[in-house]
Amino acid sequence: MSSASSPSPSPTQNPEQRRSWVPMIGLFLAQVLMSFNVAALPISLGGMVEDFHVPPTTASSTIVVYGLAVAALVMTGAKLGQRIGWTQIFRGVLVVFAISSLLMIFSRTITWAIVGQLLAGAAAAIIVPALVALIAENYRGAQQATAVGSLGSARAFSGMSAFLIGGTLGTLVGWRPIFLITLALAIAVFALSFTLRSDRGDPSVKIDLVASVLIGAAIVMLTLGFNNLNGWGILRAEDTAPFSVLGMSPAPVLVVLGLICGQAFLLWTRRRMASDRVPLVDLRVLGSRAERSAVYAMFIIVAMEAAVNFTVPTYIQVVQGRAPFATSLAMMPFNLTVFVTATLIVRFYSRFSPRAIALFSFALTTIALVWLAAVVTNNWETLPTILGLIVFGIGQGSLVTLVFNVLVTSAPKRLAGDVGSLRGTTQNLASAVGTAVMGALLVTLLGVNVGRAVVDHTELPPELVSQVDLDSANFVSNAELEQLLEGTTATPQQVDAAVAVNEAERLRTLKLGFLVLAGISAAAALPASRLPRYRPEEIPDPAPQD
């Protein structure tokens, strides 16, 4: 394998042959297809609850099964692509994605919608590594760096368009027409796939079923464990937990079991590689310190993004009680900045090394998070808050593209599918961890802050606190708290005091959450400092090794 930090031949030894961007349009739209589908699901929950007459927790199963299918199957999907051929399997799973869209459009029960998203997740598990492999197959040098960058910008573009278009359709027409867009995208990408450079599969590639089961179980248990830390309990089992383990919540137990399965997967894979058998994922994509650092940095970046994407909507919709459309407008500066930066950052690759760009970008995200902790108020549309989100978006967009590009360019083309599966696993797991850990952190901080504030407010007697369980309250809006207090013995003065506590402590918790994220961002300087010093024109073309 070609190490990213190894001596590089002169750029003249690897002349770059430019190709048409038409194939990349199809790959860009394929990323848009997956990201739009993911962003459309939360918008559709209300409509599914109404149409299918099911509780929101049942409707949200569509989101869960999609994420689990992608994370659990992406490594196996990469090996299927190598065996069958990336272009051929890419077209096949686009048909599966189109079928999933039809199931969403015409489903009459929630079961069919869940099946639809299970199919979409299985298809995405192959599309994710296919995008990396097909970029490596079709582009080289600066074109490859630009193509990789476009995948990051496609995610941000899809998030914006899904909120705006999906929110408008959901309000005026209904939730089902939203998936007409995913159907149209699947058809368009299928047509454009015929412009891709054809590749041949390798029937000799074997799929390691033991490794598939181990990594699948690890991802499922880790995702379920982290996602249910709030609902099932961080340590002690809550009443909402499906079961308990000696009084403990099953969430941390699943996390520990997931880590054990993950270690077993690594041990099994190393043993298989030592005996010259084909592994599920080639660990040589993590052969150097720079490549491992890129994965660590990618995990931190995606986890921070997920944490912010959880924190801001929670505060706007739950605490402030505003509509989802207000959330999309509030997040627009961040999403738009990520989209633009992820596209333009490749222009700086010829001037600065990955290490320099990463350190500068993490410095930006750290400064932005500290700034947000200082300036955020109950009025989210203030100029200082918008500026903080823009600066954070610049750092975020730069980092997502950069670390992914480091992995792609440092691996031989024949390992591009392994890089893609590693990216898919890392991003899905980091997203789940970032969302869940941030949620657990905020709820814990909120409980401590509110409990202390209740003691300090002598006008809130213990009898009243016990009636509403105020010192262990979750995030609720002022209006919901006032409604809750109507059924108690609270006087108007006590209601005002409780609302003041609610407003002040939730804002303080939000600020503390941003400070914690800033600390994580600052700590990310360690893996960032281990990224390679090379510039893109110095990267050897790994194609001769294939």
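When side chains are defined from C-beta on, Leu283 counts as touching Leu266, because their heavy atoms get closer than 4.5 Å. Counting heavy atoms from C-beta on, the side chains of Arg355 and Leu359 come closer than 4.5 Å. Side-chain contact between Ile135 and Met24 is present, with at least one heavy-atom pair separated by less than 4.5 Å. Phe334 is listed as a side-chain neighbour of Glu305, based on a closest heavy-atom distance under 4.5 Å. Phe362 has its side chain within reach of Ile300: a pair of non-hydrogen atoms, C-beta onward, lies under 4.5 Å apart. Residues Trp112 and Met104 are not in side-chain contact: their nearest non-hydrogen atoms beyond the backbone lie 4.5 Å or more apart. Here the side chains of Phe299 and Pro527 are not in contact, with every heavy-atom distance at 4.5 Å or above. Taking the side chain as every heavy atom from C-beta outward, Thr426 and Val302 never approach each other to under 4.5 Å.
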**Asked** Please walk me through it: do Leu280 and Thr269 pass side-chain contact (heavy atoms from CB on, under 4.5 Å)?
**Response** CA-CA 7 Å; Leu280 185 65; Thr269 301; 5.5 Å; no
Criterion side-chain contact (heavy atoms from CB on, under 4.5 Å) on Phe90 and Leu27, from CA distance to verdict: CA-CA 10 Å; Phe90 183 62; Leu27 299 180; 4.2 Å; yes
Would Leu80 and Ile207 count as a side-chain contact (heavy atoms from CB on, under 4.5 Å) here? Give the steps. CA-CA 8 Å; Leu80 283 172; Ile207 299 176; 3.3 Å; yes
Begin from the C-alpha positions of Val95 and Phe190 and carry the test side-chain contact (heavy atoms from CB on, under 4.5 Å) through to its verdict. CA-CA 8 Å; Val95 174; Phe190 182 84; 4.1 Å; yes
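Trp21 has its ring centre no less than 6.0 Å from the ring centre of Phe28.
Of the possible polar contacts, none joining the Asn37 side chain to the Leu33 backbone as a donor-acceptor pair under 3.5 Å is found. Looking at Arg91, its side chain does come within 3.5 Å of a backbone N or O of Ser193 through a donor-acceptor pair. Of the possible donor and acceptor atoms, one in the side chain of Thr195 sits under 3.5 Å from a partner among the backbone N and O of Leu192. Between the Tyr66 side chain and the Leu119 main chain, no donor and acceptor come within less than 3.5 Å of each other. No donor-acceptor distance shorter than 3.5 angstrom exists from the side chain of Thr182 to the backbone of Ile178, with no hydrogens or angles considered. Checking side-chain atoms of Gln396 against main-chain N and O of Ile301 turns up a donor-acceptor pair under 3.5 Å. Ser107 places a side-chain N or O within 3.5 Å of a backbone atom of Leu103 that can act as its donor or acceptor partner.
Leu531 contributes atom CG, which lies 9.0 Å from atom CG of Leu399 (distance to the nearest 0.5 angstrom). To the nearest 0.5 Å, atom CE of residue Met304 and atom CD1 of residue Ile520 are 8.0 Å apart. Once rounded to the nearest 0.5 Å, the distance linking SG of Cys261 with CG of Leu214 reads 6.0 Å. The CG atom of Leu196 sits 13.0 Å away from the CH2 atom of Trp86 when rounded to the nearest 0.5 Å. Atom CZ of Phe360 is separated from atom CG of Leu402 by 13.0 Å, given to the nearest 0.5 angstrom. Considering CZ of Phe392 and OG of Ser521, their distance stands at 7.0 Å, rounded to 0.5 Å.
One side chain, Thr76 or Ser212, offers a donor N or O that lies under 3.5 Å from an acceptor on the other.
Counting all heavy atoms, side chain and backbone alike, Ile110 lies closest to Met48 at CD1-SD, 4.3 Å. Pro333 and Ile390 get closest at one heavy-atom pair: CB-CG1, 3.9 Å. The two residues Val403 and Ala294 come nearest to each other via the heavy atoms CB-O, 3.8 Å. Across all their heavy atoms, Leu94 and Ala186 have their closest contact at O-CB, 3.9 Å. Closest approach of Lys79 and Val278 over heavy atoms only: CE-CG1, 3.7 Å. Listed here is the closest heavy atom pair of Val65 and Leu118: CG2-N, 4.0 Å.
Counting non-hydrogen atoms of neighbouring residues, nucleotides and ligands closer than 6.0 angstrom, the CZ atom of Phe194 exceeds 12 such neighbours. Atom CZ of Phe52 has more than 12 heavy atoms from other residues, nucleotides or ligands within 6.0 Å.
At a threshold of 4.0 Å, the pair Arg108-Asp51 does not count as salt-bridged, since none of the basic side-chain nitrogens sits closer than that to a carboxylate oxygen.
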